[in-house]
There are 2 protein chains.
Amino acid sequence: MPRQTDARERMIRSAALLFRERGVDGTSFNDVIAHSGAPRGSIYHHFEGGKAQLAAEATQWAGEVILAGLADALAEDDVPAAIARLDEQWTRTLERSDFRAGCPIVAAAVEGDREPAARDAAAAAFARWQDVLAGALRARGLTPERASSIAALVVAGIEGAIVLARAQRSTEPLHRVTGELGRLVELASA
Amino acid sequence: MPRQTDARERMIRSAALLFRERGVDGTSFNDVIAHSGAPRGSIYHHFEGGKAQLAAEATQWAGEVILAGLADALAEDDVPAAIARLDEQWTRTLERSDFRAGCPIVAAAVEGDREPAARDAAAAAFARWQDVLAGALRARGLTPERASSIAALVVAGIEGAIVLARAQRSTEPLHRVTGELGRLVELASA
DNA sequence: GTCTATACGAAGATAGAC
DNA sequence: GTCTATCTTCGTATAGAC
């Protein structure tokens, strides 16, 4: 594994982490260099497409990391317990960052017009999360239609709650939302 | 009403409209000038605090406009019908803008660190919306605790669904989420 | 691969004339 | 109040040496 690959991976990882706090447009190459320790001179060697390519790859990478966490949670717990776990995970992210860090996929989604490739990566991430959740809900006996709708509500509700939590600098919206979502899933698949 | 006031109001309105598509950081004074037709030279006359002040005032203004629409819907319809109306309104906004426009309050919330005053205005707007919704839910017989939690889920769910809709360039997430939210409110207050 | 230097544009903000 | 001109900073991106 050549060091070159390491630098590239580190830049992607750093970009994704910085997107959570500063957004895509708000994260400069300088920020990524400083955070990753990668060398300045090789940016366009690794990312020929410039910032658009880095943004898209970082968004895709972040989407896959979050997907893996979601799949793990659903493999070990049932859906309501997995939702409670998401509550805990996002609570940690919010509190550790003093409410500066949100979801990098949301950042890429709301700046879609400026970085279309990153937006498309965000759309794909959202779709995969919904698919995984809907599958778990179907396994609980829900119809495909209902499973898809509740999966959409879970993803949208948690993402929206993270936005509210950042604005209000409080994890209360997140706890309220995940609590309701857990109750709803219990009720719908009872 | 002197023309000066008109120019100031127009700049605030234009800024809020542009925030929906480009975010706070992505909207420059040049953009606001071009959109509002306001004179260049008087920016710092009207907004002594520069862009931070314009961003905060535009966010506050947008929050109040949306609040008024929400209050109107709740005054005329019951909660599930009001949620259906929000679905229609946001569908129009998304489709008319070819999925470029989202919610300006979300834009201010996710760029919180760069514009703290705008973020605080976003937090206040979210809190007011939740208050109004929770009041309507209490009127349907829900306990204050439950009303607050469902109100949080409605706000977070719809805001999250708008983010998903922009990324996927489809109103389907919004329809699914508002459908589930309407069902949930019916069930919870039956 | 990585460096330095630089081109080029756009942003926010200020100064001073009118 | 509004204009024009300008300062400063910062961003992406490129060129060419090593």
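Below, chain A is the first sequence line, B the second, and so on; all start at residue 1.
Across the interface with DNA chain D, nearest-nucleotide mapping of D31(A) and E48(A) shows D31(A) to be the residue nearer the 5′ end. For G41(A) and G26(A), each mapped to the nucleotide of DNA chain D holding its nearest heavy atom, the one lying further toward the 5' end belongs to G26(A).
A donor-acceptor contact shorter than 3.5 Å links the side chain of E111(A) to the backbone of V24(A).
Distance, Q53(B) CD to dG12(C) P: 15 Å, rounded to whole Å. Rounded to a whole Å, the CZ atom of F47(A) is 14 Å from the C1' atom of dG1(C). dA13(C) atom P lies 13 Å from atom CG of N30(B), rounded to whole Å. Atom CD1 in I43(B) sits roughly 11 Å away from atom P in dA11(C) (whole-Å rounding). As rounded to whole Å, 7 Å separates atom P of dG12(C) from atom OH of Y44(B). Here dG11(D) presents its P atom at 14 Å from CG of L54(A), a figure rounded to the nearest Å. Going from atom CD1 of I33(B) over to atom C1' of dA11(C) covers 14 Å, rounded to whole Å. Going from atom CE of M11(B) over to atom C1' of dG1(D) covers 12 Å, rounded to whole Å.
Of all nucleotides listed (dT12(D), dT2(D), dT2(C)), dT2(C) comes nearest to the side chain of H45(A). Nearest to the side-chain atoms of H46(B) among the listed nucleotides dT2(D), dA13(D), dG1(C) stands dT2(D). Which of dC3(D), dT14(C), dA11(C) sits closest to the side chain of P39(B) comes down to dC3(D). Nearest nucleotide to the side chain of R40(A), out of dT14(C), dG11(D), dC3(C): dC3(C). Set against dT12(D), dG1(C), dT2(D), the side chain of S42(B) has dT2(D) as its closest nucleotide.
The side chain of S28(B) contributes no N or O atom lying less than 4.0 Å from OP1 or OP2 of dA10(C).
The number of heavy atoms from other shown groups lying within 6.0 Å of CZ (R100(B)) is above 12. Heavy atoms from other residues, nucleotides or ligands lying under 6.0 Å from CZ of R128(B) number 12 at most.
Close placement of the Y44(A) and F29(A) rings is indicated, their centers lying within 6.0 Å of each other.
In this structure, R8(B) forms a cation-pi arrangement with F47(B), its terminal cationic atom sitting closer than 6.0 Å to the ring centre and no more than 45° off the ring axis.
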